[in-house]
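Just so we're clear, the structure is a prediction, and the values are computed from it rather than from any experiment.
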Amino acid sequence: MDIFLVFSAIIALGLLLVIGFYILVHFSHSDDKNDAYFPKFVVITGFVLAGCTVLLLPLDVANNEGYAGCDGYNTKVCGGLNMILLWEMFFVTVLIYLVVLIPFSVFFYEADDGTLMGGPKQSRLKNALIWQSVVTFIVSIIFTVFFFLLSTTDIPVKEYDAPSLSGSAVFYTDDYTLVDPNMAFSKSMLDGLSLLDVVTNLRVVELDVSHIEIQVNVITFFTAFLCFSGWLVFCIFGGVGLASIPIDLIMRYLNRPAFMDAADIAKVGLEINTRVNDLVEVGELIKVERETREEEAKDSGKAGTNNKNSILKRLLCGGKKGKSKRQADKLDRQTILQFKQAVFLLENDVKDFQDASDAYQAYNPLLVYVQLVLGVCSLILSLLWVIHIVVYVLPDPAWNPFLNVFVQWIDSCFPLFGVLAVAIFSLYLLAAGIMGCFKMGLRFLFFTLYPMKYGATYMSSFLFNIALVLLCSVPVVQFSVNAFADYARYTNIIQTFGVQIQYLQFFRFFFEAQIFENVLLLMTIWTAGYLILKPVDKPTNTLELRDRLLKNEEE
């Protein structure tokens with residue numbers, strides 16, 4: 001076993017733990033300071049798990065156990081770590097976190113003990129366990145059904161017809177010396193080909209491609225299922241993140257706070273006060289509307305109970321009422337998302353206003369230059385990924401190995417550099433998935449925002465982002481394996497993703513056609529063009545939001 005690899009893995013684990021603790025301590029809300037210990041444990045360990053899952057690829061590259069010589073005749077370049085076991089352990093742990101630990105933590109954190117509204121005290125743990133058992137049961141049923149239906153992989157095998165070598169008495173080497181067939185095999189016997197070897201090779205005939213059907217084990221299938229599910233998210237959010245990360249960082253430098261005089265401070269302060277008052281009014285209207293709808297729901301429920309013909313009326317009129325109720329619920333969700341987006345952008349503008357006025361002396365001017373440097377670096381990484389996808393990942397055969405050549409070159413200078421390069425490119429993809437999710441939610445309001453705010457992030461936001469990181473970690477590994485196939489040709493994971501999972505029933509259509517990779521590239525290009533034309537996040541018009549709520553209240 002290579003001690004250097006073990007030491008490197010321990011160092012990486014330690015760094016991830018330190019970063020995880022730092023993020024948790026500095027981003028957590030003060031309300032969670034002496035509470036939510038189990039969710040905090042899940043957040044830290046989930047962060048470390050996601051990072052380690054992605055970093056297993058460079059460790060697998062350095063381990064080199066996929067090289068044929070590791071079976072016995074040339075073990076000098078082999079690390080000796082059982083990477084197949086490590087990969088399976090990490091993939092199973094990711095699944096446990098996504099299906100059990102994170103949902104349970106959310107249920108427990110969000111559970112109400114009943115005392116807030118003056119009712120009898122309830123067990124938060126009991127409520128969380130009940131909901132978690134339901135989730136586990138549903139996921140188990142889905143996984144079991146899919147495993148029995150789709151766990152067969154159809155692996156293509158290219159066959160050759162060659163002259164039989166049985167009964168040969170000698171090996172031929174370059175100097176035509178005869179070697180006793182009973183001698184121990186030496187790698188030096190393969191240093192060159194003799195003329196007889198060349199003649200034998202010319203007599204080899206390539207036959208048709210045949211197929212071997214095998215059933216993969218449970219862990220491999222669940223890895224494929226998890227990878228497919230993660231791709232549904234990552235191909236969208238990852239593409240958005242690859243474009244939005246550099247643009248956002250550079251825009252923060254261009255829109256950096258500048259010192260304002262008294263007149264400008266008064267003008268901007270008045271605008272912010274107006275926005276605050278408008279949002280307060282909108283918030284009150286949302287509260288009133290919700291209370292009104294809850295009272296109407298209670299009244300309609302009582303009326304339906306007392307009315308003998310209520311069931312018949314629901315059957316006759318329920319379709320129209322159900323549709324209008326769904327429309328009302330959809331409009332309500334959209335209103336809440338727009339309100340949250342406006343509040344979030346207002347908080348950012350208030351922070352910038354304070355940096356440019358009251359807190360201008362305490363503002364660190366180096367911060368924007370750090371963001372500029374990070375923006376340029378991320379722009380280079382994004383461009384490299386886009387070019388690599390175009391010239392290597394999508395074409396068959398590849399037009400150019402591109403990043404593989406670069407990684408192999410720096411690896412020849414010092415082996416650790418190549419491993420670090422793969423780690424940086426892979427972790428950047430993971431960060432792109434997270435930032436893309438937030439950018440999509442902020443711009444298009446498809447789902448609830450869970451932003452990470454310094455000193456103001458609740459555990460629910462932490463848990464959502466950790467779940468997203470873990471879900472994206474598996475497709476990031478598969479994509480990185482395919483993207484660095486030349487450099488990672490002696491890894492163990494390439495046999496799992498490149499052979500068994502690649503040709504699984506149902507999944508093979510998406511993997512062979514590279515649908516997810518194409519969507520990733522298209523989303524990156526589309527997002528880049530969109531953000532270049534509209535680089536600034538604009539809040540929802542609070543006046544329109546207020547008028548809509550007032551109209552609903554009148555109706």
Side-chain angles (χ1 to χ4, degrees), residues 15-16 18-28 47 51 237-262 264-265 267-269 271-272 344-387 406 410 417 420-421 423-439 442-443 449 451-457 465 469 524 527-539:
L15 288 175
L16 288 173
V18 171
I19 296 173
F21 271 108
Y22 178 85
I23 293 175
L24 183 65
V25 170
H26 287 81
F27 282 80
S28 294
F47 175 82
F237 295 155
V240 174
L242 284 175
S244 64
I245 289 178
I247 293 177
D248 285 348
L249 288 172
I250 294 174
M251 289 304 300
R252 288 180 185 178
Y253 170 77
L254 296 177
N255 297 327
R256 60 191 181 276
F259 179 75
M260 295 187 297
D261 56 23
D264 292 334
I265 291 176
K267 180 181 177 180
V268 176
E271 294 176 354
I272 290 179
F344 175 78
L345 293 178
L346 175 61
E347 291 175 346
N348 289 343
D349 290 342
V350 170
K351 178 66 170 56
D352 292 340
F353 175 69
Q354 291 174 345
D355 290 337
S357 56
D358 299 337
Y360 186 77
Q361 297 297 331
Y363 179 71
N364 187 359
L366 295 179
L367 180 61
V368 293
Y369 292 99
V370 172
Q371 292 174 341
L372 176 62
V373 172
L374 292 176
V376 173
C377 293
S378 60
L379 178 62
I380 294 173
L381 289 175
S382 295
L383 288 176
L384 289 176
W385 265 124
V386 170
I387 296 173
F406 167 73
I410 63 174
F417 290 165
L420 287 176
I424 291 172
F425 279 105
S426 301
L427 291 175
Y428 182 72
L429 287 176
L430 201 59
I434 305 304
M435 297 304 297
C437 173
F438 180 68
K439 178 61 72 173
L442 188 63
R443 282 296 183 103
L449 291 175
M452 297 287 292
K453 299 179 182 178
Y454 192 86
T457 305
N465 288 292
V469 170
T524 303
T527 305
Y530 176 81
L531 292 181
I532 289 174
L533 295 176
K534 297 181 178 181
V536 180
D537 298 323
K538 294 184 178 180

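Qualifying side chain to side chain donor-acceptor pair (under 3.5 Å) partners for Tyr428, counting only residues two or more places apart in sequence or in other chains: Ser382. Leu383 is linked by a side chain to side chain contact (heavy atoms under 4.5 Å, CB included) to Leu379, counting only residues two or more places apart in sequence or in another chain. Under the rule for a side chain to side chain contact (heavy atoms under 4.5 Å, CB included), the partners of Ile410 that lie at least two apart in sequence or sit in another chain are Phe406, Phe417, Ala421. Residues meeting the side chain to side chain donor-acceptor pair (under 3.5 Å) test with Ser378, sequence neighbours left out: none. Residues meeting the ring-ring contact (aromatic ring centres under 6.0 Å, His included) test with Tyr369, sequence neighbours left out: Tyr253. Residues meeting the side chain to side chain contact (heavy atoms under 4.5 Å, CB included) test with Ile380, sequence neighbours left out: Val376, Leu384. Every side chain to side chain contact (heavy atoms under 4.5 Å, CB included) that Ala423 has, sequence neighbours left out, goes to Leu55, Pro58. Evaluation of the ring-ring contact (aromatic ring centres under 6.0 Å, His included) rule for Phe47 yields no partner, not counting sequence neighbours.
Annotation: side chain of Val469 is in contact with side chain of Ile434 (closest heavy-atom distance under 4.5 Å).
Looking at every heavy atom in both residues, Gln371 comes nearest to Leu249 through O-CB, 3.6 Å. The shortest non-hydrogen separation linking Val368 to Arg252 is CG1-O, 4.3 Å. A pairwise comparison of heavy atoms in Ala528 and Ala243 identifies N-CB, 3.5 Å as the closest pair.
Taken to the nearest 0.5 Å, the CG atom of Leu242 stands 9.0 Å off from the OG1 atom of Thr527. Residue Phe237 holds its CZ atom at 12.5 Å from CZ of Phe438, rounded to the nearest 0.5 Å. Taking OG1 from Thr524 and CH2 from Trp385, the interatomic distance works out to 11.5 Å, rounded to the nearest 0.5 Å. To the nearest 0.5 angstrom, Thr457 atom OG1 is 10.0 Å from Leu24 atom CG. We find the CG-CD1 distance between Leu429 and Ile424 to be 12.5 Å, quoted to the nearest 0.5 Å. Considering CG of Leu374 and CD1 of Ile250, their distance stands at 10.5 Å, rounded to 0.5 Å.
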